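Worksheet: one structure, shown below.
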Amino acid sequence: TELEKGKLMKKISNILSTLLLIVVVILACIFFVPRLFGIQTMAVLSGSMEPHFHVGSLVFVKDAEITDFEKDDIVTFKIGNGDTVVTHRVTQVTKEGLKTKGDANHSEDGGLVTSANLVGKAFSFSIPVLGYLAVYISSQTGIILLIGAIILVFVLSYIGSLFDKKEKGAN
């Protein structure tokens, strides 16, 4: 009957909107909440830190001073013109800066990390695969899809409330 179809559609729209809302909230917590505490999220795009950080993982980097580092800490820094960011392990702390090396690399990096190119100190953990999502979400297409998902939650909630009104009107 029409009433049963309405109840089923309401239930489906409620489940879908709830699931979508949960996913959006979890992603917001992972990608945006850390920023409130001065923590940046970054995607691992190369295998230089394998097996500690896998390609496609999401790493978290907090603000730090060059004096905060010790041997074996993980540092994130800029190289070249500043567009390329690298996360490697500190192999030696010197007066001039930090010597670094990727765990999977055979030799130390060529330059030193100084205050001028320091981004921060990486936490020792990462979330596998979410780095790919971070890169995608920061693209124009990803932003559009994220906004679309949020709009879809509202639309599904509205559809559920329409079936509520029909159900109450049928009684």
Side-chain angles (χ1 to χ4, degrees), residues 15-154:
I15 290 171
L16 287 176
S17 65
T18 301
L19 288 175
L20 196 56
L21 184 61
I22 289 169
V23 168
V24 168
V25 167
I26 289 171
L27 290 176
C29 288
I30 292 171
F31 292 118
F32 303 113
V33 171
R35 291 181 187 179
L36 299 174
F37 301 98
I39 298 170
Q40 301 176 58
T41 56
M42 298 189 173
V44 176
L45 302 177
S46 79
S48 68
M49 282 299 287
E50 293 275 358
H52 193 81
F53 295 139
H54 298 290
V55 175
S57 294
L58 188 71
V59 295
F60 299 84
V61 179
K62 65 180 176 177
D63 292 335
E65 299 295 325
I66 204 79
T67 55
D68 296 337
F69 289 90
E70 298 176 1
K71 184 178 187 289
D72 292 328
D73 284 342
I74 301 171
V75 61
T76 300
F77 57 97
K78 295 178 182 178
I79 60 171
N81 61 7
D83 290 340
T84 304
V85 178
V86 176
T87 299
H88 280 172
R89 193 173 302 279
V90 175
T91 57
Q92 186 180 355
V93 178
T94 71
K95 290 180 183 178
E96 295 80 30
L98 308 173
K99 288 186 179 182
T100 58
K101 176 183 163 301
D103 289 356
N105 295 349
H106 297 292
S107 57
E108 286 185 334
D109 299 332
L112 291 175
V113 177
T114 64
S115 295
N117 63 339
L118 175 67
V119 173
K121 184 183 266 190
F123 288 89
S124 190
F125 69 91
S126 64
I127 302 176
V129 182
L130 280 187
Y132 292 124
L133 187 60
V135 170
Y136 187 72
I137 285 178
S138 64
S139 71
Q140 185 177 6
T141 306
I143 292 169
I144 291 168
L145 285 176
L146 187 61
I147 292 169
I150 293 168
I151 291 169
L152 187 58
V153 167
F154 289 113

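What you see is a predicted model, and the numbers here were worked out from it, not measured in a lab.
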Could you list the donor-acceptor pairs under 3.5 angstrom formed between side-chain atoms of residues 50-62 and any protein atom two or more places apart in sequence or on another chain?
from  : atom 1 : to     : atom 2 : distance (Å)
Glu50 : OE1    : His54  : ND1    : 2.6
Glu50 : OE2    : Val55  : N      : 3.1
His52 : NE2    : Ser124 : O      : 2.8
His52 : NE2    : Ser124 : OG     : 3.3
His54 : NE2    : Pro51  : O      : 3.4
Ser57 : OG     : His54  : O      : 2.9

Interatomic distance, [X] atom [atom1] to [Y] atom [atom2] [nearest 0.5 angstrom]:
X	Y	atom1	atom2	answer
Leu27	Leu130	CG	CG	7.0 Å
Ile74	Thr100	CD1	OG1	12.0 Å
Arg89	Asn105	CZ	CG	12.0 Å
Ile66	Lys121	CD1	NZ	10.5 Å

I need the minimum non-hydrogen distance between [X] and [Y], along with the two atoms involved.
X	Y	result
Ala43	Gly131	CB-O, 3.4 Å
Ala64	Leu118	O-CD2, 3.3 Å
Gly47	Ala104	O-CB, 3.3 Å
Phe77	Ile79	CE1-CG2, 3.4 Å

Q. For Phe31, what residues pass the ring-ring contact (aromatic ring centres under 6.0 Å, His included) criterion, not counting sequence neighbours?
A.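 For Phe31 there are no ring-ring contact (aromatic ring centres under 6.0 Å, His included) partners, ignoring immediate neighbours.
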Q | Phe123: partners by ring-ring contact (aromatic ring centres under 6.0 Å, His included), with sequence neighbours left out | A |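 Result, ring-ring contact (aromatic ring centres under 6.0 Å, His included) vs Phe123: Phe125.
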(Q) Quick check against the 3.5 Å criterion: does Thr114 have a side-chain atom that pairs as donor or acceptor with the backbone of Gly97? (A)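 No, Thr114 side chain to Gly97 backbone: no donor-acceptor pair under 3.5 Å.
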Just wondering, do [Y] and [X] contact through their side chains at under 4.5 Å, heavy atoms?
X	Y	result
Val119	Lys78	yes
Thr41	Ile30	no
Leu98	Asp73	no

Q) Asp109 pairs by side-chain hydrogen bond (donor to acceptor under 3.5 Å, both in side chains) with which of Lys99, Lys101, His88? A)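 Single side-chain hydrogen bond (donor to acceptor under 3.5 Å, both in side chains) partner of Asp109 among Lys99, Lys101, His88: His88.
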Q: Let me see the working for Thr76 and Val85 under side-chain contact (heavy atoms from CB on, under 4.5 Å), right down to the final yes or no.
A: CA-CA 7 Å; Thr76 300; Val85 178; 3.2 Å; yes
